[in-house]
Protein chains: 2
Amino acid sequence: MLKMTDKKERILEVALRLFALEGYANVPTSKIAKAADVSEGLIFRHFGSKEALLDAILELGIEQVEHFVAEVKQETNPRLRIQKVIQLPLLVTREHEEFWKLQQSIKYHNPELATKYRQSEVFQSLVKSVEDAFSNLKYQNPKAETQLLMMIITNLFTIVEQEDLIIKEAFVKFVQSKYEE
Amino acid sequence: MLKMTDKKERILEVALRLFALEGYANVPTSKIAKAADVSEGLIFRHFGSKEALLDAILELGIEQVEHFVAEVKQETNPRLRIQKVIQLPLLVTREHEEFWKLQQSIKYHNPELATKYRQSEVFQSLVKSVEDAFSNLKYQNPKAETQLLMMIITNLFTIVEQEDLIIKEAFVKFVQSKYEE
DNA sequence: GTCTATATGGGGATAGAC
DNA sequence: GTCTATCCCCATATAGAC
């Protein structure tokens, strides 16, 4: 990937942090500019609009998550694959916690953008691979199982952001135990 | 309860719906006024500020949910009590559903308000009664079980993608089956 | 690429009449 | 209790110089 301008990069980082922390709608571009030590105008030079900035951040996040998802899909043992999916929030949030938090929050601010993510290849393929695993394991209702598990996982991300690491890990283990044989 | 002015009531209803649907930050008071067929000024006469309006809505929501929660708590058979909690999302009316959704969304706009609700008597007592049920049933980790179940329930409320009642009911049944003996 | 200065609109909120 | 009119701020966005 071509190296971005330092400042453009800084804007992305800072905006991600602030959006995740305080919510997209609550963060004026002026605040981003100040925090990134950049002129406000530059944000619009680079991204065109505040919303386009959000979009760029999400694109970037999806990219970064791709590798984690690939890891899960590559696991052929269905039982293990499910264990790995459950662990995703722990693994991903370690590096991309803010992105996930943002992802959650925009569900409410900006449903279209959230939908865009939900329908992204990455997410869809993850869902499918989970469903396959449940099918292989002869669960009676693989679709519902998948839906339930994805729901739990999505929420694990948000819990994860609240509690301390020990509690998180314990809870993830607990959920995993639900899917052992 | 004293009967409110029709218009005050209408503002509350409309605002609840719009906030839940589009997010607090995305709904200007002008829009609420128009939708409720009321002057914008009246909103401020009655509630003082937009945020105070949100607060009033949440208060009201808590009140309305109280009776459903009481129903659950009053069930002494722990197995049945859990079945009933899971059914909560189906029992509450559409308005309550909106209330629940709003409750979720403000986590990001206005964490203090969300916390206030989370720590409300109603919610806390529901959590406690679920935890008791799990304890009685000798689940190994009642606290984690409760956390997981409450998480699932909260999400059941917000499954919008499946507005189809049949699907929703099927899914609730599916979750219930997880907690049968 | 980046800054400074500025335009524009819209959102929350108030005043005052009825 | 309710409406109309209005204020003011601040957030997004643009223009133009460097």
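These numbers come from the heavy atoms of this one structure, side chains and all, not from hydrogens, waters or symmetry mates. The model shown is predicted, which means the values in this text are computed figures rather than measured ones. Each chain gets a letter, A, B and so on, in the order the sequences are listed, and its residues count up from 1.
Distance A:Y24 OH to D:dA11 C1': 11 Å, rounded to the nearest Å. Here the C1' atom of nucleotide C:dC3 and the CD atom of A:E40 are 12 Å apart, to the nearest Å. One atom, CZ of A:F44, and another, P of C:dC3, lie 14 Å apart when rounded to the nearest Å. Rounded to whole Å, atom P of C:dA13 lies 14 Å from atom CD1 of B:I11. Distance B:L18 CG to C:dG11 C1': 16 Å, rounded to the nearest Å. Taking atom NZ of B:K34 as the reference point, atom C1' of C:dG11 lies 13 Å away to the nearest angstrom. The nearest whole Å value for the distance from the NZ atom in B:K31 to the P atom in C:dG11 is 10 Å. Distance B:K50 NZ to C:dG10 P: 15 Å, rounded to the nearest Å.
Taking only side-chain atoms of A:S39, from C-beta outward, the nucleotide of C:dG1, D:dT12, C:dT4 with the closest atom is C:dT4. Residue B:K7 places its side chain closer to D:dC3 than to any other of D:dT14, C:dA13, D:dC3. Of the listed nucleotides (C:dC3, C:dG1, D:dT2), C:dG1 has the atom at the smallest distance from the side chain of A:H46. Listed nucleotides: D:dC3, C:dG12, D:dT12. Nearest to the side chain of B:V38: D:dC3.
No more than 12 heavy atoms of other residues, nucleotides or ligands shown are found within 6.0 angstrom of CD on B:E121.
DNA chain D is contacted by both A:L42 and A:S30; A:S30 maps to the nucleotide lying nearer its 5′ end (nearest heavy atom per residue).
The aromatic rings of B:F134 and B:Y139 stand perpendicular to each other, their planes meeting at an angle above 60°, with 30° marking the opposite boundary.
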Next on the checklist: Test side chain to side chain donor-acceptor pair (under 3.5 Å) on B:N155 and B:Q104; report intermediate values, then the result.
Outcome noted: CA-CA 9 Å; B:N155 270 270; B:Q104 278 294 100; 5.7 Å; no
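Judged by atom type and distance alone, B:R45 reaches the base of C:dG16 through a side-chain donor-acceptor pair under 3.5 Å.
A salt bridge links B:K128 and B:D132; the closest N-O separation between the charged side-chain nitrogens and carboxylate oxygens is under 4.0 Å. With salt bridges taken as basic N to acidic carboxylate O contacts below 4.0 Å, none links B:K34 and B:E40.
Residue A:T29 places at least one side-chain N or O under 4.0 Å from the OP1 or OP2 atom of D:dT12.
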